[in-house]
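For reference, the structure is listed below as structure tokens.
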There are 2 protein chains.
Amino acid sequence: MEVLFTFTPREVHQQKLITEFPEVNFHFTNKDKTRLPSADILVTYGEDISSEDINSANKLKWIMVASAGVEKMPLETMKERNIVVSNVKGIHKTPMAESVMAHLLALKRSLPYLYESQRNNEWNRKTGSSELFGSTALIIGPGAIGSEIGRLLQAFGVQTIGCNRSGDAADYMNDMVTIADVLTALPKADIVISVVPSTKETKHMLKKEHFDAMKNDAIFMNFGRGDLVEDKILVDALQNGAIGFAVLDVFEQEPLPLDHPYWKMKNVVISPHVSSHSEKYVERTLEVFAPNLRKWLAQDANPTNLVNLEKGY
Amino acid sequence: MEVLFTFTPREVHQQKLITEFPEVNFHFTNKDKTRLPSADILVTYGEDISSEDINSANKLKWIMVASAGVEKMPLETMKERNIVVSNVKGIHKTPMAESVMAHLLALKRSLPYLYESQRNNEWNRKTGSSELFGSTALIIGPGAIGSEIGRLLQAFGVQTIGCNRSGDAADYMNDMVTIADVLTALPKADIVISVVPSTKETKHMLKKEHFDAMKNDAIFMNFGRGDLVEDKILVDALQNGAIGFAVLDVFEQEPLPLDHPYWKMKNVVISPHVSSHSEKYVERTLEVFAPNLRKWLAQDANPTNLVNLEKGY
């Protein structure tokens, strides 16, 4: 049994796997795919795998994606080959929710202004600080990550409105609205946060009318996928004052082109798709992988966090 | 009955008081003390009142301080004159706790680095981000503000240790330690936060041995008063690696002298005594003041948040 990693966990984590699974040949590489033809299992961040790679991997039965989104992977080829695909859904919630809270609190408590004053050697107390307390937030996609954000927002005295297809209740949401009815909820929200994946339904889901419906000082945060809204619609909304501010972790094109207007906009914070980064990321990935590998070796080809290749998540 | 304000609330808040108390003459000024001799009640931020001012205010019976600390006020003169002093203890907890959380999360989630990358037009994903989750925090002074910080820290999965004179239980603290025993707790803490007022006991309470006992990567936050630790001790601890980082809202000398080493230190964030600032500050001050004024007019000279001039808080 061969397991190919296209990334390299720290030595301590490699040794743990090797010790726990003496019957398995692990190959830890840095994006090296030469061993794909003999690999039974592939562990990858997902972005480095092409349709040709899949076709060259004759023995491959299971791909464990150390990420949440699979939209950059050759889903059709994987489906044809009947490859089992699982991901690490759930491990992103802590770092991502902390990033969302960090950005919101930093803006409310004037941290960019404090940092700038310090750089300029200025004791400047006119911060114009406000509070997160008493705000209303609309969370588009109140799943594992969205609900964790909701839990933390509620601890700060924020009213949360969840938005999903069904309008069915979600954890840590004071209220729910369907995507079809979201225009009725947008005018209430001081903060609009999206954590939805990229699917056929979510692509370009937010349109000009949605930004027009938001408060003029609303903070829009996209921490899901960049194709939720066309860049030019969001740039317009920020430049014409339809909304007040945007914090963006994802973009239509990544890396964000260096001549993109976002870079210079005073009401945009660019987070270069790093909101799930954490020193604990690989450790948590392997905590998902190891029990699934044990099951796999016992002929149970049904890992947790199975990805539905039809739906794309 | 004359009430002198040495600061100017917004028109809407002035009108509310005037309407609610038609029998009272309100004078809203900008640090103007010419009406002190005829004032029965003074509403002030505290820093602008001298011993001479108190002696010139022959009719003055009550000073309402729109602040928490009174250490800059002429306490002896006020005591001799038997003036009732009350403050706005409690209204600082929301903005201050949000500021503490903002700074901690910003550091853990690499916000200064993201801001700098954006300024430099760089898509730089090597953030080295970590998480607040799983940390341990020591809170020196777990009163109204400290416990609110504890509540929010716990929501993020942080273990909280409260530190007070008695070691008696405080809200939202997983554990307690006395000030006398604090050296035993400091090595456990990833974060050390002080919110204690300035009193005889807290002046220079933290010494070199305390910083030596902290973790080398500990984050120290002083959001209480600047005389808790001598500047030179803290500068040394930060420069020789006894601790990792400091976020300072208060300083031995305020404004912080422009040639102070803190300004240029990469492991110091300067917050110019603004952590309690909030657009809601004056509104909340008047929410404390109005019921007390009603009681005062009904001959009840016992406002909430009475300051003990002996203890200084």
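Convention: sequence-line order gives letters A, B, ...; per-chain numbering from 1.
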Option in [options] with maximal non-hydrogen atom pairs under 4.5 Å from chain A:
| options | value |
| --- | --- |
| B:K280, B:E122, B:R125 | B:R125 |
| B:D259, B:L152, B:T127 | B:L152 |
| B:A102, B:G128, B:P95, B:P272 | B:P272 |

Interchain contact, [X] with chain A, by part (heavy-atom threshold 4.5 Å):
| X | result |
| --- | --- |
| B:Y281 | neither |
| B:H260 | neither |
| B:L258 | both |
| B:E148 | neither |
| B:S110 | neither |
| B:T94 | side chain |

*Which of parallel (below 30°), tilted (30 to 60°) and perpendicular (above 60°) describes A:W123 and B:W263?*
perpendicular
*Measure up the A:H103 and B:Y115 rings against each other and bin them: parallel (under 30°), tilted (30 to 60°), perpendicular (over 60°).*
perpendicular
*asked:* Pair A:T8, A:N30 - check side chain to side chain donor-acceptor pair (under 3.5 Å), show working.
replied: CA-CA 6 Å; A:T8 315; A:N30 182 12; 5.2 Å; no
*Taking atom types as modelled, find out whether B:D171 and B:S147 have a side-chain donor-acceptor pair closer than 3.5 angstrom.*
no
*May I ask you to test the B:L153-B:I139 pair for a side-chain heavy-atom distance under 4.5 Å?*
yes
*Does some side-chain heavy atom of B:T29 sit less than 4.5 Å from a side-chain heavy atom of B:F7?*
no
*Taking the six-membered ring for Trp, is the centroid-to-centroid distance between B:F220 and B:F245 below 6.0 Å?*
no
*asked:* Taking the six-membered ring for Trp, are A:F156 and A:F133 closer than 6.0 Å centroid to centroid?
replied: no
Between [options], which has the largest tally of heavy atom pairs under 4.5 Å with chain B?
| options | answer |
| --- | --- |
| A:P112, A:S129, A:P255, A:G134 | A:P255 |
| A:K108, A:R119, A:M101 | A:R119 |
| A:L104, A:L107, A:L114 | A:L114 |
| A:V274, A:L105, A:N121, A:V269 | A:N121 |

_Under 4.5 Å from any heavy atom of chain B - which part of A:Y113_ = neither
*In Å and rounded to the nearest 0.5 Å, what is the CD to OG distance from A:E98 to A:S276?*
12.5 Å
